[in-house]
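To start, the structure itself, in structure tokens.
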Amino acid sequence: MPAEDEPTPDQALPESPPRELRFAYVAGVTPGKWIRRWEERMPHVPLRSFMSDGGSQVSVLSDGSADLSFVRLPVDREGLNVIPLYEEQPVVVAPKGHEITVFEDVALEDLVEETFLDADELGGPEMALQVVASGAGLLILPMSVARHFNTKDTVARRLTGAPGTQIALAWPSDATDEVIEEFIGIVRGRTAQSSRQPSARQEEPKKAPKPDRRGTGAGAKKPKVAQRYAPNPDKGRGRGSRKKGKR
């Protein structure tokens with residue numbers, strides 16, 4: 001008689017959920033190309049993505065909401081693997097009608113008398129841009145973020161002399177597996193045939209040797225051997241046997 005804690009043969013064991021890869025990304029990151037490549041190479045592993053704000057870009061990893069996260073540096077790297085990817089161009093955002101509108105590029109040193117707002121103190125870039133539109137001050141943002149929110153009544157110009165920001169890919173140090181490694185390789189631009197991709201390391205079945213079509217029986221014809229030298233027409237004749245012509 002089976003124990004009470006052991007399942008009986010007619011009881012189906014619960015199946016483990018299928019593997020799913022989840023990643024988060026901050027505003028300004030456009031993950032479309034990586035999603036398309038993943039769907040081409042790993043169609044059997046569902047991929048789910050969602051946007052996180054600056055305050056939760058790392059917490060989504062610690063609370064298990066995401067396996068990986070595209071973050072904007074700097075972040076606390078304790079317990080994380082972090083791979084820097086690319087730098088972002090800074091811009092200065094001002095209300096429409098501001099004097100920077102007549103320029104394509106603006107130097108930071110030319111704006112020393114301006115009032116600058118802090119996006120974090122105002123609840124994030126989206127809310128801060130609304131404050132800029134009211135004429136309360138200027139704002140420095142990554143170009144990708146300014147374009148993402150695209151607030152009316154504001155104008156953005158490239159900013160020189162200001163430090164740029166950097167986008168990186170982060171994931172927990174103790175949570176790396178082949179699925180995560182596959183995604184990292186796609187983000188870093190590795191091809192599907194790269195030896196560093198887990199999907200490319202799978203051994204291909206060895207092909208069976210082709211049968212010998214020449215046969216091994218007694219009646220089998222031996223392969224012809226190419227003759228190395230031309231035959232000598234005088235071979236076998238005695239000395240002086242060549243006919244001499246009449247003089």
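Atoms considered below: every heavy atom in the structure, side chains included; atoms not considered: hydrogens, waters and symmetry mates.
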For the residue pair Ile167 and Arg72, establish whether any side-chain heavy-atom pair is separated by less than 4.5 Å. yes

Report whether Leu108 and Val102 are members of the same hydrophobic cluster (ILVMFWY, side-chain heavy atoms less than 4.5 Å apart, transitive linking). yes

Flag, side chain of Ser173 to backbone of Gly79, donor-acceptor distance under 3.5 Å: yes

Val106 and Arg157 have their tightest heavy-atom pair at CG2-CB, 3.9 Å

So if you build clusters from Ile, Leu, Val, Met, Phe, Trp, Tyr with side-chain heavy-atom gaps below 4.5 Å, do Val187 and Val26 land together? yes

Do you know which two heavy atoms are closest between Pro172 and Asn81, and how far apart they sit? O-ND2, 4.2 Å

What's the shortest heavy-atom distance between Pro90 and Gly164, and which atoms? CD-CA, 4.2 Å

Residues passing the salt bridge (Lys or Arg N to Asp or Glu O under 4.0 Å) test with Arg147, sequence neighbours excluded, are none

Least distance between heavy atoms, Ala136 atom then Thr115 atom: O-CG2, 4.2 Å

With the side chain counted from C-beta on, respond yes when Thr30 and His148 share a heavy-atom pair under 4.5 Å apart, and no when they do not. no

List the steps and the verdict of side-chain contact (heavy atoms from CB on, under 4.5 Å) for Glu99 and Glu114. CA-CA 11 Å; Glu99 59 183 8; Glu114 296 287 347; 4.1 Å; yes

Flag the pair Tyr25 / Met51 as yes when at least one side-chain heavy-atom distance between them is below 4.5 Å, and no otherwise. yes

How far apart are the closest heavy atoms of Ala133 and Pro95, and which atoms are they? O-CB, 4.3 Å

With a 4.5 Å heavy-atom cut-off, do Lys96 and Thr101 have their side chains touching? no

Ignoring hydrogens and angles, state whether a donor on the side chain of Ser52 or Gln57 is under 3.5 Å from an acceptor on the partner side chain. no

Interatomic spacing from CD in Glu121 to CE in Met127 - rounded to 0.5 Å: 14.5 Å

Partners of Asp105 by salt bridge (Lys or Arg N to Asp or Glu O under 4.0 Å), sequence neighbours excluded? Arg158

His98 and Leu138: CA distance, side-chain angles, deciding distance, side-chain contact (heavy atoms from CB on, under 4.5 Å) verdict: CA-CA 10 Å; His98 193 278; Leu138 307 186; 4.0 Å; yes

Between Phe70 and Phe183, how do the two ring planes meet: parallel, tilted or perpendicular, split at 30° and 60°? perpendicular

Please tell me if the side chains of Leu80 and Val58 come closer than 4.5 Å, counting only heavy atoms from C-beta onward. yes

By side-chain contact (heavy atoms from CB on, under 4.5 Å), Ala107 pairs with (sequence neighbours left out) Glu109, Asp110, Thr160

Rounded to the nearest 0.5 Å, how far apart are CG of Leu47 and CE of Met42? 10.0 Å

Under a 4.5 Å side-chain heavy-atom rule over Ile, Leu, Val, Met, Phe, Trp and Tyr, are Ile180 and Val71 clustered together? no

Transitive ILVMFWY side-chain link Tyr86 to Val82, under 4.5 Å: no

Trace of the side-chain contact (heavy atoms from CB on, under 4.5 Å) decision for Arg188 with Ile83: CA-CA 9 Å; Arg188 303 193 77 171; Ile83 300 176; 3.9 Å; yes

Taken to the nearest 0.5 Å, the spacing of Leu159 CG from Gln89 CD works out to 7.5 Å

Beyond-backbone contact of Leu21 with Pro46, side-chain heavy atoms, under 4.5 angstrom: no

Between Ser69 and Trp171: side-chain donor-acceptor atoms closer than 3.5 Å: no

Pairs touching residues 42-51 that satisfy salt bridge (Lys or Arg N to Asp or Glu O under 4.0 Å), sequence neighbours left out: Glu20-Arg48

Ser144 side chain reached by Val29 side chain, heavy atoms, under 4.5 Å: no

Please report the interatomic distance CZ(Arg22) to OG(Ser49), rounded to the nearest 0.5 Å. 12.5 Å

Run through the side-chain heavy atoms of Ile, Leu, Val, Met, Phe, Trp and Tyr, join any pair under 4.5 Å, and report what else lands in Met143's cluster. Val91, Val93, Leu117, Leu122, Leu129, Val131, Val132, Leu139, Leu141, Val145, Phe149

Would you say the ring centroid of Trp38 lies under 6.0 angstrom from that of Phe23? no

CZ (Phe50) with more than 12 external heavy atoms under 6.0 Å: yes

Give a yes or no on whether the backbone of His44 and the side-chain of Arg19 come within a donor-acceptor separation of less than 3.5 Å. no

Beyond-backbone contact of Leu169 with Pro84, side-chain heavy atoms, under 4.5 angstrom: no

Tell me the closest heavy-atom pair linking Ser59 and Gly55, and the distance in Å. OG-O, 4.1 Å

Can you name the residues that form a salt bridge (Lys or Arg N to Asp or Glu O under 4.0 Å) with Arg77, not counting sequence neighbours? none

Counting neighbours of CD on Glu88 that are heavy atoms of other residues, nucleotides or ligands and sit closer than 6.0 Å, is the number greater than 12? yes

